[in-house]
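Below: one structure, written as structure tokens.
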There are 2 protein chains.
Amino acid sequence: MNNCIDFTFKDTVKFLKKHNNYVILTHASPDGDTLGAGYALYYGLKQLGKSAEVICPEVIPSKYGYFLCETDHVNAKDTVVVAVDVADKRLLGALEQEFGNIVDLCIDHHISNVRYSKALYLDADASATCEIIYELLCALKIKFNDTIAKALYTGISTDTGCFKYSCVTAKTHIIAAKLYDYNIEADDINKVMFDTKSKKLLTLERMVLDTAEYHFDDKCMMITITADMQEKTGCSGTDLEGLTNISRCVEGVLAGVTIKQTGDHTYKASLRTYAPLNASQICQALGGGGHKNAAGASLCGSLDEVKTKILAAIKQNMEETNAGSFVTE
Amino acid sequence: MNNCIDFTFKDTVKFLKKHNNYVILTHASPDGDTLGAGYALYYGLKQLGKSAEVICPEVIPSKYGYFLCETDHVNAKDTVVVAVDVADKRLLGALEQEFGNIVDLCIDHHISNVRYSKALYLDADASATCEIIYELLCALKIKFNDTIAKALYTGISTDTGCFKYSCVTAKTHIIAAKLYDYNIEADDINKVMFDTKSKKLLTLERMVLDTAEYHFDDKCMMITITADMQEKTGCSGTDLEGLTNISRCVEGVLAGVTIKQTGDHTYKASLRTYAPLNASQICQALGGGGHKNAAGASLCGSLDEVKTKILAAIKQNMEETNAGSFVTE
């Protein structure tokens with residue numbers, strides 16, 4: 001939308017000082033960054049004597065419990081709505097209808113932000129929205145404590161793959177160092193966020209590895225999670241999220257495909273690619289979409305038919321991008 | 001050994017200024033920290049106009065190539081021998097016989113260092129030996145460049161699981177932030193170190209997952225890499241490093257054991273623990289050593305005998321620490 005006003009850092013600080021009643025919105029499929037940002041902002045506003053409420057469109061996974069709390073119920077006339085880490089009003093999920101068009105301020109780090117809010121403070125250089133909230137809380141002279149520090153650390157750590165990705169800057173590490181002044185128990189946080197697998201997931205992983213197949217001179221790896229495996233291990237839904245990473249870690253693989261059975265003759269393909277391949281283009285050819293490195297599509301047919309369709313789409317993209325002759329070492 | 005002199009930071013700086021010819025030793029099964037420390041120290045000494053040679057007991061894996069170089073050949077009479085990240089002369093492997101008893105200075109962060117060298121600069125609070133080398137190079141007024149920064153970042157990142165583990169401090173992050181002043185391409189380094197697996201390793205992983213066994217109410221998980229598996233998949237040496245992480249990721253597991261067959265009747269156990277268990281104590285009981293969260297030991301016997309010994313040592317530590325009643329959720 002064109003009416004969205006760009007806020008500077010100072011405008012944002014001023015806004016947060018000025019108002020007295022806040023509704024803070026997180027995005028659906030809540031992750032560490034949107035939740036960490038929402039709750040850290042909440043704790044900050046409370047210190048300033050404001051009323052504030054955090055609303056998440058979905059049930060918050062219990063693993064984030066260590067920085068959550070019961071927030072206020074805010075319904076004053078002069079309530080302002082702040083969305084954190086929400087790049088598009090559609091990402092508000094169940095809250096879109098009520099709040100989608102009345103977000104007063106969005107605080108975000110996604111360059112892809114579609115400017116749906118009345119005002120936007122966007123810092124696309126920030127590795128996480130929690131990096132921005134850290135700086136805002138400093139400017140607001142908030143007294144940090146263990147809980148605020150844990151919330152912010154969680155957002156930064158989870159959005160950067162624990163400081164692994166290209167979005168990390170010197171500033172990210174400097175903020176992390178400051179958060180270590182508090183008792184954040186970072187190793188415990190990271191263990192929960194990155195290094196915890198259930199026994200049943202490990203069993204599923206073993207089954208899935210058995211399905212591994214390689215194509216196009218090992219430039220494509222494909223794994224399958226059948227309904228039968230999901231049933232046998234009792235794994236479903238978000239349990240399966242991490243499995244898509246298996247196929248993108250294999251040396252030389254440019255296209256990692258994870259096929260998940262969703263019904264008798266329905267499958268969901270998740271694609272992870274490296275340049276020159278383009279996951280978004282491949283999945284568009286299959287009726288899906290996504291980012292250039294990570295995309296997905298839903299497909300119908302037998303497993304063999306689905307595999308054939310996916311391989312054909314990858315082959316086309318390999319030809320178009322000349323990836324067949326691409327040297328991966 | 002009792003004759004080992006404890007060096008302060010200042011003593012160490014003085015030592016590195018004083019001498020002119022250095023042999024720098026890394027440990028066997030070279031990892032990012034010993035190599036990063038060895039080469040960063042080498043580049044620093046070269047800037048000071050010294051002669052220096054880095055000697056690694058084994059072929060260095062090619063993935064570290066971005067910070068390696070051809071070093072000098074040093075055989076002057078007044079050559080001093082410096083070991084970096086080498087907690088025990090036995091870890092010098094093939095170099096032990098030649099150098100084991102003539103290490104002039106050991107620079108290390110392992111609390112378990114057995115004090116085999118004539119002098120020891122030990123900073124057990126450092127997350128990595130590369131953290132110590134960073135500070136030494138600063139004190140020596142070395143001009144940092146991309147290669148030195150990459151070497152040090154590699155050591156810190158790999159020894160901390162990319163800033164994940166409990167050994168990380170505010171200082172670790174501050175040093176990382178400083179290293180970002182250089183073009184370290186941290187995301188590329190981390191992809192190679194953490195997110196790249198060979199096809200053969202993935203095959204081995206599947207085999208290893210088949211060996212998973214659980215003990216003590218699922219508080220201990222044990223996996224085995226037999227010689228047969230190594231032969232069948234063609235995986236060996238450093239290929240196997242990452243596998244030790246499998247057993248520490250399972251929900252509720254306090255002791256993750258990876259048993260690697262090293263000969264007909266010889267095995268190496270790698271242990272990863274969470275509080276209240278202490279990997280160092282457990283491995284000491286088995287004749288080995290290491291850190292409180294990560295340690296190892298070499299054992300002789302049949303696989304069953306080895307497993308029995310390890311389980312007995314874990315059981316003892318569980319009893320001593322009351323871990324049996326420890327609630328992990």
CA sep, side-chain torsions, deciding dist, call: B:D187, A:K164, salt bridge (Lys or Arg N to Asp or Glu O under 4.0 Å): CA-CA 6 Å; B:D187 54 326; A:K164 241 195 290 190; over 6 Å; no

Most chain B-contacting option - heavy-atom pairs closer than 4.5 Å, from A:L179, A:T172, A:D218: A:D218

More than 12 heavy atoms from other groups under 6.0 Å of NZ on A:K292: no

B:N145 CG: over 12 foreign heavy atoms closer than 6.0 Å: yes

Within 6.0 Å of NZ in A:K232, more than 12 heavy atoms from elsewhere: no

Reference residue B:E251; test side-chain contact (heavy atoms from CB on, under 4.5 Å); the match among A:D195, A:T196, A:V192: A:T196

Side chain to side chain contact (heavy atoms under 4.5 Å, CB included) evaluation trace for A:H173 with B:I174: CA-CA 6 Å; A:H173 279 291; B:I174 288 167; over 6 Å; no

Residue B:Y182 versus chain A: region with a heavy atom under 4.5 Å: neither

Closest heavy-atom pair and its distance - A:K191, B:V253: NZ-O, 4.3 Å

Minimal non-hydrogen separation, B:F163 against A:Y153, with atom names: O-OH, 3.7 Å

Toward chain A, the part of B:D188 with a non-hydrogen atom under 4.5 Å: neither

Structural part of B:T169 lying under 4.5 Å from a heavy atom of chain A: backbone

Residue pair B:V168, A:Y180: steps toward the side chain to side chain contact (heavy atoms under 4.5 Å, CB included) verdict: CA-CA 9 Å; B:V168 172; A:Y180 267 81; 3.2 Å; yes

More than 12 heavy atoms of other groups within 6.0 Å of B:D217 CG: no

Worked check of side chain to side chain contact (heavy atoms under 4.5 Å, CB included) between A:M221 and B:L202: CA-CA 12 Å; A:M221 185 208 189; B:L202 213 66; 3.1 Å; yes

More than 12 heavy atoms of other groups within 6.0 Å of B:I111 CD1: no

